[in-house]
Amino acid sequence: MKNELNSGGHHLNPDAKNTVKKLILLFAAVTIVASAAFAGGETYSSKDMKQSAAPQPFCDWYANQEWNASVWGTYAFTGSDWPDDRYLAVDHAWGGGADIKFFFARYFGIGVQGFGLNARDTVGAALGTLTLRYPLPCTRFAPYVYVGGGTIFNGSEIEAHGEENDPDFFRTIHTADSKAVGQFGGGLEIRLTPHLGIIHDFNWNIIDGHDNNFGMIRTGINFAF
């Protein structure tokens with residue numbers, strides 16, 4: 001009985017041995033795969049993982065030095081009613097223009113501007129400009145202000161003859177001489193890409209003489225290179 005007990009206590013039957021071998025091999029295989037998976041990558045702290053997951057903002061929408069070439073449409077309106085205006089001779093007019101600027105520093109640019117207005121006659125102007133802009137850090141937006149000066153030409157001058165209530169009252173219109181013009185304004189540029197933007201602004205134009213001033217609202221496209 002003693003020998004039978006010892007024999008039964010220390011020897012497994014063939015089926016049990018096979019089962020144990022399979023379990024050992026399965027455990028070894030799982031251990032090897034798991035070790036390879038964890039040993040193959042670098043170890044990161046939770047802080048590093050948060051930092052790497054956060055997208056970095058793009059901050060190069062505006063260059064420190066760049067050329068700008070803009071084309072725009074405009075709506076102009078006079079500061080006086082058309083009978084009293086001495087240059088455009090209309091209450092409002094549509095037109096368009098273009099300007100080229102060089103930003104020699106991130107915030108300062110100099111340039112030239114030209115535009116035409118479909119008033120009573122086609123009025124044209126050419127100006128030199130100085131622009132101050134402030135690109136908001138790491139955004140597409142840049143508000144700006146500018147001043148300019150030059151000449152405006154081919155306007156219409158209205159002359160009144162007599163008193164308005166007089167039955168013989170009449171007005172004559174003739175082409176006006178070229179005049180000096182000053183301009184100041186401000187607006188906003190939105191960059192779609194670092195080389196393409198949309199501009200929208202307003203400026204006020206002061207012409208030499210009485211009752212000649214007018215405003216312009218401009219919207220257009222700016223190319224930066």
Side-chain angles (χ1 to χ4, degrees), residues 42 44-79 88 90-119 122-152 180-207 213-225:
E42 298 182 11
Y44 296 94
S45 67
S46 59
K47 182 179 179 180
D48 292 335
M49 292 179 69
K50 289 180 180 178
Q51 290 178 348
S52 62
Q56 298 299 317
F58 183 75
C59 297
D60 295 328
W61 295 105
Y62 297 85
N64 291 332
Q65 287 189 345
E66 64 179 20
W67 285 91
N68 284 191
S70 305
V71 291
W72 35 267
T74 185
Y75 170 77
F77 56 93
T78 57
L88 295 186
V90 292
D91 287 331
H92 58 87
W94 296 93
D99 61 288
I100 298 176
K101 295 187 290 286
F102 175 63
F103 283 90
F104 55 89
R106 185 172 183 82
Y107 306 110
F108 302 98
I110 55 176
V112 292
Q113 175 196 132
F115 65 82
L117 298 174
N118 184 25
T122 301
V123 177
L127 304 90
T129 60
L130 173 66
T131 301
L132 170 64
R133 72 177 181 184
Y134 182 70
L136 300 178
C138 297
T139 74
R140 301 171 184 264
F141 305 101
Y144 58 88
V145 294
Y146 58 98
V147 295
T151 183
I152 190 167
V181 59
Q183 182 186 83
F184 62 91
L188 177 69
E189 179 177 0
I190 305 172
R191 286 283 168 94
L192 304 179
T193 75
H195 302 290
L196 179 65
I198 297 174
I199 57 172
H200 185 71
D201 63 37
F202 168 79
N203 62 58
W204 189 251
N205 299 268
I206 302 172
I207 301 176
N213 305 337
F214 63 94
M216 291 201 307
I217 300 171
R218 311 188 308 176
T219 299
I221 299 175
N222 182 48
F223 301 92
F225 51 93

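Below, all heavy atoms of this structure are taken into account, side chains as well, without hydrogens, waters or symmetry copies.
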Interatomic distance, Arg106 atom CZ to Arg133 atom CZ [nearest 0.5 angstrom]: 7.0 Å
Mind listing the closest non-hydrogen atom pair of Tyr62 and Pro135 along with its distance? CD1-CB, 3.7 Å
All heavy atoms of Pro143 vs all of Leu188, minimum pair found to be N-CD1, 3.7 Å
Report the residues that fulfil side chain to side chain contact (heavy atoms under 4.5 Å, CB included) with Val145, sequence neighbours left out, ordered by chain and then residue number. Leu132
What pair of heavy atoms forms the shortest contact from Gly148 to Leu127, and how long is it? C-CD2, 4.1 Å
Here the gap from Trp61 atom CH2 to Leu192 atom CG, rounded to the nearest 0.5 Å, amounts to 8.5 Å
Does CG belonging to Leu136 count more than 12 external heavy atoms closer than 6.0 Å? yes
Do Leu88 and Leu117 come within less than 4.5 Å of each other through their side chains, counting heavy atoms only? yes
Under the rule for salt bridge (Lys or Arg N to Asp or Glu O under 4.0 Å), what residues qualify as partners of Arg218, not counting sequence neighbours? Asp201
Does Gln183 reach the side chain of Phe115, with side-chain heavy atoms less than 4.5 Å apart? yes
Can you see which heavy atom on Ala224 is nearest to which on Arg191, and at what distance? CB-NH2, 3.5 Å
Does Ile206, at its CD1 atom, have more than 12 non-hydrogen atoms belonging to other residues, nucleotides or ligands within less than 6.0 Å? yes
One should read off an interatomic distance between Phe184 CZ and Asn205 CG, to the nearest 0.5 angstrom, of 9.0 Å
State, to 0.1 Å, how close Asp99 and Trp72 come at their nearest heavy-atom pair, and which atoms those are. OD1-NE1, 2.9 Å
Is the backbone of Phe104 close enough, under 3.5 Å, to the side chain of Gln65 for a donor and an acceptor to pair up by distance? yes
Tell me whether the rings of Phe77 and Trp204 are parallel (<30°), tilted (30 to 60°) or perpendicular (>60°). tilted
With a 3.5 Å distance limit and no angle check, can you tell me whether Thr129 reaches the backbone of Val147 through a side-chain donor-acceptor pair? no
Would the distance check show the side chain of Asn213 and the main-chain N or O of Ile207 forming a donor-acceptor pair, the cut-off being under 3.5 Å? yes
From Asn203 atom CG to Phe214 atom CZ, the distance as rounded to the nearest 0.5 Å: 7.5 Å
Any idea which heavy atoms bring Pro194 and Phe58 closest together, and the distance? CG-CE2, 3.9 Å
Do Ile100 and Trp67 have side-chain heavy atoms sitting under 4.5 Å apart? yes
Separation between CG of Asn222 and CD1 of Ile190, rounded to the nearest 0.5 Å: 12.0 Å
Looking at CG of Asn118 and NE2 of His92, how far apart are the two atoms once the value is rounded to the nearest 0.5 Å? 11.0 Å
